[in-house]
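Notes follow the structure.
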Amino acid sequence: MRLEGKCAVVTGAGRGIGKAIAEKFLREGAEVLICDLGPERLEAARKELAALGTVHREVADVTSREAVEHLVGRAKEELGRIDVLANNAGISRFEPFLEITDTNWDDTLAINLKGVFLCSQVVAREMKNQGSGAIVNMGSTNGILGEEGLAHYNASKAGVILLTKTMAIELAPYNVRVNSVCPGFILTELQIESGMSEETIREYTSLIPLNRYGRVEEVANAFAFLACDEASFITGTELVVDGGQTCRE
Ligand SMILES: NC(=O)c1ccc[n+]([C@@H]2O[C@H](COP(=O)([O-])OP(=O)(O)OC[C@H]3O[C@@H](n4cnc5c(N)ncnc54)[C@H](O)[C@@H]3O)[C@@H](O)[C@H]2O)c1
């Protein structure tokens, strides 16, 4: 119960890795507020998670300051305080660099990077007043090494990693830690929706020293560690969860 007594907000928690993070936080004893875009997906996730502990839900688009301020206001009402923020919401759209549209560039940067900035800034103002907090941001191995067909996604995740480090410096005086988790290949709905074939999945897996794709629970475990007090001297770092993929030249 490493998060016992803590109150946590998880973005993009209607499915996939975000839902797994919320589940892990609940199993570790936290009270959790989950947010996502669609009310139906969110309510289905809340129902599924409710057996594990106290779960609140709030529809919010992380790209809108107004929506984020409303979300944080609701979180304060429901939870009383915010000890942990997990910035997980994100999208990825495969397209060659020469064909990336302005819309896809803007959407990717807005959700993956601006969303992290907005949620972190609004929540960190609360954490500053509390004198404590932990923020864990969703990076990616794509923020460390390039991958064709994902220039916008890679740029957004590289941005998350350096935003994390800068926030870690600026928020340290308030006892707020900020870290990122950088997963490699984790099979979720996002991967399938982005058009990944069985053959591509096999190709990806063959590049991973552990010779398999990662599970959402394995990413959630990293979030829980960085969110909890066992990580009390860890701030500004990125924790890579990739089965060894980025060890290769
Ligand atoms: N799956 C992987 O292999 C992998 C690897 C590295 C990083 N990641 C990152 O992990 C995160 C979660 O990925 P996933 O695979 O679970 O994806 P997913 O599509 O299954 O889940 C993402 C969730 O975020 C929500 N979301 C999207 N835009 C939003 C917005 N504007 N406001 C609020 N919520 C929004 C979606 O509705 C969805 O429920 C993403 O940031 C992704 O980039 C995934």
Side-chain angles (χ1 to χ4, degrees), residues 9-24 33-46 48-49 57-68 70-72 85-94 104 106-120 122 136-145 147 150 152-161 163-164 180-196 200-201 204-205 207-208 212-220 222-223 238-243 245-246:
V9 173
V10 184
T11 70
R15 70 174 193 184
I17 299 173
K19 192 171 79 179
I21 294 168
E23 179 175 338
K24 176 67 178 168
L33 185 143
I34 56 174
C35 105
D36 207 304
L37 283 177
E40 281 154 27
R41 177 179 291 180
L42 199 55
E43 178 53 17
R46 191 200 62 77
E48 203 183 311
L49 296 169
R57 67 170 173 90
E58 188 63 31
V59 172
D61 177 350
V62 297
T63 66
S64 152
R65 179 173 289 276
E66 199 186 339
V68 169
H70 181 74
L71 169 72
V72 174
L85 168 67
N87 278 312
N88 160 81
I91 58 163
S92 101
R93 293 175 187 158
F94 271 92
N104 281 342
D106 290 346
D107 286 353
T108 304
L109 272 289
I111 298 168
N112 296 6
L113 184 55
K114 188 182 176 191
V116 173
F117 156 65
L118 283 176
C119 292
S120 298
V122 178
V136 189
N137 296 326
M138 182 58 90
S140 167
T141 50
N142 286 64
I144 300 170
L145 297 172
E147 181 182 353
L150 284 168
H152 37 9
Y153 182 76
N154 301 342
S156 73
K157 294 300 185 180
V160 167
I161 292 170
L163 173 64
T164 299
S180 61
V181 172
C182 293
F185 181 30
I186 314 297
L187 197 66
T188 64
E189 290 96 327
L190 180 138
Q191 301 287 0
I192 293 156
E193 274 177 16
S194 62
M196 200 173 259
T200 315
I201 292 173
Y204 261 72
T205 307
L207 298 171
I208 300 172
R212 64 174 176 85
Y213 51 75
R215 298 187 301 270
V216 291
E217 300 81 12
E218 292 172 309
V219 181
F223 268 77
E238 56 276 0
L239 180 49
V240 175
V241 182
D242 73 344
Q245 189 174 359
T246 50

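Every value quoted in this text rests on a predicted model; they were computed, and no experiment measured them. Order of appearance sets the numbers: ligands from 1, and atoms from 1 within every ligand.
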How far apart are the C-alpha atoms of Glu43 and Arg57, what are their side-chain angles, what is the distance that settles it, and do they pass the salt bridge (Lys or Arg N to Asp or Glu O under 4.0 Å) test?
CA-CA 7 Å; Glu43 178 53 17; Arg57 67 170 173 90; 2.5 Å; yes
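- Annotation: side chain to side chain donor-acceptor pair (under 3.5 Å) contacts of Ser64 (sequence neighbours excluded): none.
- A side chain to side chain contact (heavy atoms under 4.5 Å, CB included) with Cys119 holds for exactly one of Thr63, Asn137, Val62; it is Val62.
- A distance-only check finds no donor-acceptor pair linking the side chain of Asn142 to the backbone of Asn154 [under 3.5 Å].
- Residues lining ligand 1 at a heavy-atom distance below 4.0 Å are given as Gly12, Arg15, Gly16, Ile17, Asp36, Leu37, Arg41, Ala60, Asp61, Val62, Asn88, Ala89, Gly90, Ile111, Met138, Gly139, Ser140, Tyr153, Lys157, Pro183, Gly184, Phe185, Ile186, Thr188, Glu189, Leu190, Gln191, ordered by chain and residue number.
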Tell me which donor-acceptor pairs under 3.5 Å the side chains of residues 106-118 have, and how far apart each pair is, sequence neighbours excluded?
{"from": "Asp107", "atom 1": "OD2", "to": "Arg93", "atom 2": "NH1", "distance (Å)": "2.9"}
{"from": "Thr108", "atom 1": "OG1", "to": "Asn104", "atom 2": "O", "distance (Å)": "2.7"}
{"from": "Asn112", "atom 1": "OD1", "to": "Ile91", "atom 2": "N", "distance (Å)": "2.9"}
{"from": "Asn112", "atom 1": "ND2", "to": "Ile91", "atom 2": "O", "distance (Å)": "2.9"}
{"from": "Asn112", "atom 1": "ND2", "to": "Ser156", "atom 2": "OG", "distance (Å)": "3.2"}

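- Legend: residues meeting salt bridge (Lys or Arg N to Asp or Glu O under 4.0 Å) with Glu218, ordered by chain and number and at least two apart, are Arg212, Arg215.
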